[in-house]
Amino acid sequence: MSEWQNYRQPVIFNGISMRKAKMKADRDFQIGEVDKRIFGSFIEHVGRAVYGGIYEPGHPLADEFGFRKDVMELVKEIDVPIVRYPGGNFVSGYNWEDGVGPKDKRPKRLELAWNATETNEVGLNEFAKWAQAVNTEIMMAVNLGTRGVDAARNLVEYCNHTSGSHYSDLRIEHGVKEPYKIKTWCLGNEMDGPWQIGHKTAEEYGRIACEAGKVMKGVDPEIELVACGSSSVDMPTFGDWEAEVLNQAYDQVDYISLHQYYGNKSMDTANFLAKTLDMDRFISGVISTCDYIQSKKKSKKKINLSFDEWNVWFHTSGENPKPWSIAPPQLEDVYNVEDALMVGAMLITLLRHADRVKMACLAQLVNVIAPIMTHNGGDAWRQTIFYPYLHASKYGRGTVLWTLIDSPKYDSRDYSDVPYLDAVAVYTKDGITVFALNRGEEEMELDCEISGFGIYYVKEHIVLKNADRYAANTMKHPECIVPMCNGNAAIEDGICKAVLSPLSWNVIRLCV
């Protein structure tokens, strides 16, 4: 048995047998640079994401434009680099013109995606003010459901053209002199989903995405376009959809989207935390399809991935608010410790594919399946999933190193050979950060050997855990679950050693 294989054997720690895992990384073996947009998020006109979330005129902490300053501070704390807007399912029935110009002249619309009334009090220009205030970029989505090529090009002209044309001058008339220069644009949303307004076949969508892309880049050649991939890896259209869409629109688009949510209705922790194996295969499968079409077309251009909807979502499925109400509470999942671990695992998976996943959006940002929650007229607070998102955004912007892991494994209901340890190492200007998840319900010793950096030391070891995996932060108890800088990582003989607590998210920061 090799030295490497010995790490799979239980070890004795203070007289107690525990699992042992090992990871290795080297400065010279790199996956790729992290595009900061991998830590993006999403605001859709659904539930209280906008009204009562980012925007609440009359709130004691509202600014002059009606945006909640407490929410803005929490968004800035995460340092969200890009926010997808305005949907989501919402965008497939949205007329962007409804949300610009004088507010007293904006129409109220029956919003069919979420069975609510949209007041259009917040539209493009208001959202752009908010985005500027929180130091984020906009990932703008165009309606390819009920609308199409003409509306898409007009919106690009309104947003990005300097002046001297109908829509750029209309923007100036609306009080916005300088163009927004929005770089990233989504060509619709989940168009293979039967629930989608304007649902299309792959061929139908591929054609309109191609033609919309042509005119949008005709107006502004500097923009980047995201084509809709299949709505989920579980869709019967998955695979064939991506191939056909790219076959139609390859020359016009720069990214293809992935969407995936995971849940744990069966209350099976081991199986739940194993679901990132499915996420990893999903990403690899889409990459293979992109590269197949590239080869087929003999193209020099490589299509990258935008995982622009991802999260844990299962606590609130099946809600049915009163029809046509304004900003009813919808999809307000209360996240627990177990959910935070899953979000951490999903972030690790995204980072491991940083060579091809260049953008990703945690869906969503405020109130709706979100890391930030608010009470109308009251406080805002951080959900458990806020913290792994914060840690990855703050410490994961650098170069992802190839990480070799040897870990004990387990079989769950749906998965086999699931490593108890999930981890990745990122080299940043400040040093090396190891993000590590212990999926097991026992302590696990970790030996982390990182070569090529000389002498390094542990700056801090952040741990998120709780004896009650279902504990959550609420309005009454907003700090029930918070990470602690009380980990035990230390350097011994040039190797970083730590004992990872059961069911824990760990951030080990090493300075060189």
Side-chain angles (χ1 to χ4, degrees), residues 31-44 49-50 53-54 67 69 71-88 124 126-141 159-160 179-186 222-226 254-259 283 304-311 343-344 346-366 368-372 382-383 385-400 424 426-430 433 435 507:
I31 291 176
E33 292 293 319
V34 175
D35 187 318
K36 69 177 182 179
R37 294 176 297 174
I38 206 171
F39 305 117
S41 193
F42 182 25
I43 288 286
E44 181 175 0
V50 176
I54 66 172
F67 294 112
K69 291 185 284 188
V71 173
M72 288 194 286
E73 288 306 309
L74 290 174
V75 174
K76 287 192 282 187
E77 184 179 341
I78 305 173
D79 193 10
V80 182
I82 194 167
V83 178
R84 185 167 168 247
Y85 177 85
L124 169 60
E126 289 78 24
F127 186 77
K129 283 190 178 76
W130 178 84
Q132 183 178 33
V134 298
N135 303 316
T136 193
E137 299 175 15
I138 299 173
M139 179 191 291
M140 195 72 189
C159 291
N160 288 7
Y180 292 124
K181 294 298 180 185
I182 296 172
K183 179 181 180 181
T184 311
W185 295 76
C186 297
E222 301 300 316
I223 64 175
E224 295 182 331
L225 300 178
V226 183
D254 305 283
Y255 304 88
I256 194 160
S257 71
L258 296 81
H259 292 180
I283 293 171
N304 286 316
L305 276 54
S306 176
F307 212 127
D308 48 42
E309 285 191 35
W310 68 272
N311 204 347
V343 165
M346 295 177 82
L347 284 160
I348 288 173
T349 304
L350 291 171
L351 287 169
R352 265 203 301 267
H353 289 279
D355 57 330
R356 296 297 293 273
V357 178
K358 296 300 181 181
M359 297 185 290
C361 300
L362 178 72
Q364 294 188 19
L365 187 55
V366 184
V368 176
I369 50 173
I372 298 168
R382 305 166 185 84
Q383 294 228 63
I385 65 170
F386 180 97
Y387 295 108
Y389 181 16
L390 167 69
H391 297 151
S393 178
K394 191 173 182 179
Y395 304 124
R397 303 187 185 200
T399 303
V400 181
V424 71
V426 181
Y427 170 45
T428 73
K429 60 183 178 61
D430 297 319
T433 301
F435 301 103
V507 182

Nearest 0.5 Å, please: how far is NE2 in H353 from CD1 in I38? 10.0 Å
Taking side chain as C-beta onward, heavy atoms only, is L362 less than 4.5 Å from W310? yes
Taking side chain as C-beta onward, heavy atoms only, is M359 less than 4.5 Å from M139? yes
State the NZ-CG distance between K183 and N160, to the nearest 0.5 angstrom. 12.0 Å
Side chains of V226 and D254: closer than 4.5 Å at any heavy-atom pair? no
Close side-chain approach of V426 to Y395, heavy-atom, < 4.5 Å: no
Can you tell me how far NZ of K181 sits from CD1 of I223, rounded to the nearest 0.5 angstrom? 10.5 Å
Output side-chain donor-acceptor pairs under 3.5 Å for residues 76-85, partner residues at least two apart or in another chain, one line each.
from	atom 1	to	atom 2	distance (Å)
K76	NZ	E73	OE2	3.0
E77	OE1	R382	NE	3.3
E77	OE1	R382	NH2	3.0
E77	OE2	R382	NE	3.4
R84	NH1	D308	O	3.4
R84	NH1	E309	OE2	3.0
R84	NH2	N189	OD1	2.7
Y85	OH	H45	NE2	2.8

Over all atoms of both residues, closest heavy-atom pair of I31 and D355: O-CB, 3.4 Å
Evaluate the ring planes of H391 and Y387, with Trp represented by its six-membered ring, and classify them as parallel (under 30°), tilted (30 to 60°) or perpendicular (over 60°). tilted
Test side chain to side chain contact (heavy atoms under 4.5 Å, CB included) on I372 and F386; report intermediate values, then the result. CA-CA 7 Å; I372 298 168; F386 180 97; 4.0 Å; yes
Kindly give the heavy-atom pair with the smallest separation between P371 and Y389, and that separation in Å. CG-CD2, 4.1 Å
So, do V75 and T136 sit near enough that their side-chain heavy atoms are less than 4.5 Å apart? no
Which heavy atom of F39 sits nearest a heavy atom of G396, and at what distance? CZ-O, 3.7 Å
Working to the nearest 0.5 angstrom, can you tell me the gap between Y427 OH and T399 OG1? 8.0 Å
Can you tell me how far the OG1 atom of T428 sits from the NZ atom of K394, to the nearest 0.5 Å? 12.0 Å
Return the minimal non-hydrogen interatomic distance between A363 and F42, and the atom names on each side. CB-CD2, 3.5 Å
Any heavy-atom pair between the side chains of L124 and M140 that's under 4.5 Å? yes
Going by side-chain contact (heavy atoms from CB on, under 4.5 Å), name the residues that satisfy it together with A141, two or more places apart in sequence or in a different chain. P86, V91, C186
Locate the shortest heavy-atom distance separating I43 from I54; write the atom from each residue and the value. CD1-CG2, 4.0 Å
List the residues meeting salt bridge (Lys or Arg N to Asp or Glu O under 4.0 Å) with R37, not counting sequence neighbours, and say none if there are none. D35, E224
Would you say the side-chain atoms of N311 pair up with the backbone N or O of V343, donor to acceptor, closer than 3.5 Å? no
Quick check: do Y180 and I138 have side-chain heavy atoms less than 4.5 Å from each other? no
Heavy-atom pair with the smallest gap, counting every atom of A354 and G32: CB-O, 4.5 Å
Could you check T433 against V507 for side chain to side chain contact (heavy atoms under 4.5 Å, CB included), going step by step and ending with a plain yes or no? CA-CA 7 Å; T433 301; V507 182; 3.7 Å; yes
Working note: L347 + F435, criterion side chain to side chain contact (heavy atoms under 4.5 Å, CB included); need CA distance, chi angles, decisive distance, verdict. CA-CA 9 Å; L347 284 160; F435 301 103; over 6 Å; no
Separation between OG1 (T184) and CG (L225), nearest 0.5 Å, reads 9.0 Å
Using side-chain heavy atoms (C-beta onward) and a distance below 4.5 Å, is K36 in contact with E137? yes
Using the benzene-type ring in the case of Trp, are the ring centres of F127 and W130 under 6.0 Å apart? yes
